[in-house]
Amino acid sequence: MGNTLSCCVSPGASPTLSGRGGLRGQEQRQQERIDAYRVEAELQEPEPSPGTNLQHISDREAPEDMNFESNPSDHPRASTIFLSKSQPDVREKRKSNHINHVSPGQLTKKYSSCSTIFIDDSTVSQPNLKSTIKCVTLAIYYHTKNRDSDRSIDIFDEKMHPLTREEVPVDYCKRDPEHKHIYRFVRTLFSAAQLTAECAIVTLVYLERLLTYAEIDICPSNWKRIVLGAILLASKVWDDQAVWNVDYCQILKDMTVEDMNEMERQFLELLQFNINVPASVYAKYYFDLRSLADDNNMNFPLEPLNKERAQKLEVHLITQLLRL
């Protein structure tokens, strides 16, 4: 007969076997693993309770990244509103030019050759003042011309808060301003207050941020006060020597300081006090304004590149690189 191993266990007792491979050894190793897990868990960060609702950074940023189209003044990858507003008119002009087989800009545009290089004096850090104001006011023109509706706020209504003592026409809310009227208004403010071209770009950023945050439109009844509020804020944030509100009252002689202060206060509240303009957003608006100029045959003034200008451009580029 072969060797037989038998184990008698009483019904009321637990089986016990001595040695490392017995049940006692298994229970000991299991308890050691549990103790090790507890020590490791204590060294790790405690899990948040259900009430705290803590999120990872990427989880918190994800919803904001979904709002690129609605917040172009905050995100560099979002398309500017004014450029999209101008596209219907640009397509219409291209159709007309295609029928006539000639573009108005082709008759006056200068082209570089082997012997002469034409270059404008406008850069992202030092834009041309006159050309930039023309582009910014053209962007405002397209905002009013191709607006979605006439949503507005009382503080910007020119009927309720007139800029001059002249009586506002009855149909003031139906007369779309022409580009030359908007340019003349903005140019007067910039010339009198001695504001820079960079300030004009920031003005457009604040203007589109206001439209997005407050969910309003630029229309005939409010465009002057909205533009004025944006210029007022941009001049204080951007320029080193900010213009006081009372100084603007010297330009717009029929406007009171109290009205100017109240408009500025409400403008800031509607912006949720977000006056930060990242460099990437500023650059996006600058280049989109240049695209707008090209679409409308508003070329920046070109001059032949001579030795002196080439040296200045080289110094400027080196200075910009050293700042990075």
Side-chain angles (χ1 to χ4, degrees), residues 68-94 105 120 122 124 127-152 156 176-190 195-235 238 267 271 277-278 280-300:
F68 282 140
E69 293 184 358
S70 60
N71 293 286
S73 61
D74 293 326
H75 303 283
R77 284 180 286 170
S79 301
T80 53
I81 302 176
F82 71 85
L83 202 58
S84 61
K85 293 281 187 183
S86 67
Q87 291 310 300
D89 292 64
V90 171
R91 287 192 292 266
E92 194 66 28
K93 289 180 181 179
R94 287 175 179 171
D120 62 65
S122 181
V124 67
N128 179 274
L129 177 60
K130 185 177 180 179
S131 299
T132 301
I133 293 178
K134 280 188 175 181
C135 292
V136 169
T137 53
L138 184 62
I140 298 171
Y141 165 77
Y142 280 123
H143 265 292
T144 58
K145 184 177 185 294
N146 299 324
R147 62 188 181 276
D148 297 326
S149 61
D150 292 319
R151 299 171 299 177
S152 186
F156 301 122
D176 288 347
E178 298 181 13
H179 176 221
K180 62 180 181 180
H181 295 152
I182 302 175
Y183 173 76
R184 191 178 303 141
F185 178 76
V186 175
R187 179 67 179 178
T188 300
L189 293 174
F190 269 72
L195 302 179
T196 62
E198 297 91 336
C199 184
I201 298 176
V202 177
T203 295
L204 186 58
V205 175
Y206 287 158
L207 188 146
E208 293 207 338
R209 186 172 294 174
L210 175 73
L211 302 184
T212 304
Y213 284 22
E215 297 182 350
I216 61 177
D217 303 276
I218 301 183
C219 50
S221 63
N222 64 15
W223 73 268
K224 284 186 179 180
R225 291 182 64 86
I226 286 180
V227 171
L228 176 60
I231 293 175
L232 174 67
L233 191 58
S235 65
W238 188 264
F267 201 110
L271 289 186
V277 179
S280 55
V281 171
Y282 172 89
K284 175 188 67 176
Y285 272 78
Y286 169 79
F287 288 110
D288 279 4
L289 285 171
R290 295 203 63 136
S291 298
L292 182 68
D294 291 338
D295 291 339
N296 291 269
N297 298 308
M298 292 174 53
N299 299 315
F300 283 59

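For this chain, numbers begin at 1 and follow the sequence in order. What's counted below: heavy atoms across the whole structure, side chains too, no hydrogens, waters or symmetry copies. Just so it is clear, the model here is predicted, and its values are computed rather than measured.
Every residue was checked against the side chain to side chain donor-acceptor pair (under 3.5 Å) condition with S221, not counting sequence neighbours, and none meets it. In terms of the ring pair (Phe, Tyr, Trp, His ring centres under 6.0 Å) criterion, Y183 has no residue partners (sequence neighbours excluded). Residues passing the side-chain contact (heavy atoms from CB on, under 4.5 Å) test with K224 are E158, L163, F185, sequence neighbours excluded. For S86, there are no side chain to side chain donor-acceptor pair (under 3.5 Å) partners two or more places apart in sequence or in a different chain. For R187, there are no side chain to side chain donor-acceptor pair (under 3.5 Å) partners, not counting sequence neighbours. Among residues two or more places apart in sequence or in another chain, the side chain to side chain donor-acceptor pair (under 3.5 Å) test is passed with S152 by N222. Residues satisfying the side-chain contact (heavy atoms from CB on, under 4.5 Å) test with P278, not counting sequence neighbours, are N276, S280, V281. Taking the side-chain contact (heavy atoms from CB on, under 4.5 Å) definition, one finds that E215 meets it with R151, sequence neighbours left out. With sequence neighbours left out, F190 forms a ring pair (Phe, Tyr, Trp, His ring centres under 6.0 Å) with no residue at all. With sequence neighbours excluded, the residues forming a side-chain contact (heavy atoms from CB on, under 4.5 Å) with A214 are I153, L210, I216, L270, listed by chain and number.
Here the CZ atom belonging to R184 is positioned 11.5 Å from the OG1 atom belonging to T137, to the nearest 0.5 angstrom. Summarising the geometry, atom SG belonging to C135 is positioned 8.5 Å from atom CZ belonging to R290; distances are rounded to the nearest 0.5 Å. With rounding to the nearest 0.5 angstrom, the CG atom of L204 is 11.0 Å from the CD1 atom of I231. Expressed to the nearest 0.5 Å, how far CD1 of I201 lies from OG1 of T196 amounts to 9.0 Å. Atom CG of residue L207 and atom OG1 of residue T212 lie 9.5 Å apart, to the nearest 0.5 angstrom. Here the CG atom belonging to N128 is positioned 9.0 Å from the CD1 atom belonging to I133, to the nearest 0.5 angstrom.
Heavy atoms only, all atoms of each residue included: A234 and V202 are closest at CB-CG1, 3.9 Å. Among all heavy-atom pairs drawn from T144 and C219, the shortest one is CG2-N, 4.4 Å. Closest heavy-atom contact between F267 and I226: CE1-O, 3.7 Å.
Two residues are said to be in side-chain contact when any heavy atoms from C-beta on lie closer than 4.5 Å; F82 and L289 meet this criterion. Residues P220 and R147 are in side-chain contact: their nearest non-hydrogen atoms beyond the backbone lie under 4.5 Å apart. Counting heavy atoms from C-beta on, the side chains of V186 and V136 never come closer than 4.5 Å.
The salt bridge (Lys or Arg N to Asp or Glu O under 4.0 Å) contacts involving residues 134-145 comprise D89-K145, where partners must be two or more places apart or lie in separate chains. Counting only residues at least two apart or on different chains, the salt bridge (Lys or Arg N to Asp or Glu O under 4.0 Å) pairs with a member in residues 202-212 are D74-R209.
A donor atom on one side chain and an acceptor atom on the other are found under 3.5 Å apart for Y142 and N296. A donor and an acceptor atom, one from each side chain of D217 and S149, are located under 3.5 Å apart.
Checked against the 6.0 Å centroid criterion, the rings of W238 and Y282 qualify as a close aromatic pair.
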Task: Verdict with reasoning, Y206 to V277, per side-chain contact (heavy atoms from CB on, under 4.5 Å) - done: CA-CA 9 Å; Y206 287 158; V277 179; 3.8 Å; yes
Open item on the list: Evaluate L271 against L233 for side-chain contact (heavy atoms from CB on, under 4.5 Å), listing each step before the verdict.
Closed with: CA-CA 11 Å; L271 289 186; L233 191 58; 3.5 Å; yes
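The main-chain N or O of D295 is never found under 3.5 Å from a side-chain atom of K93 such that the two would form a donor-acceptor pair.
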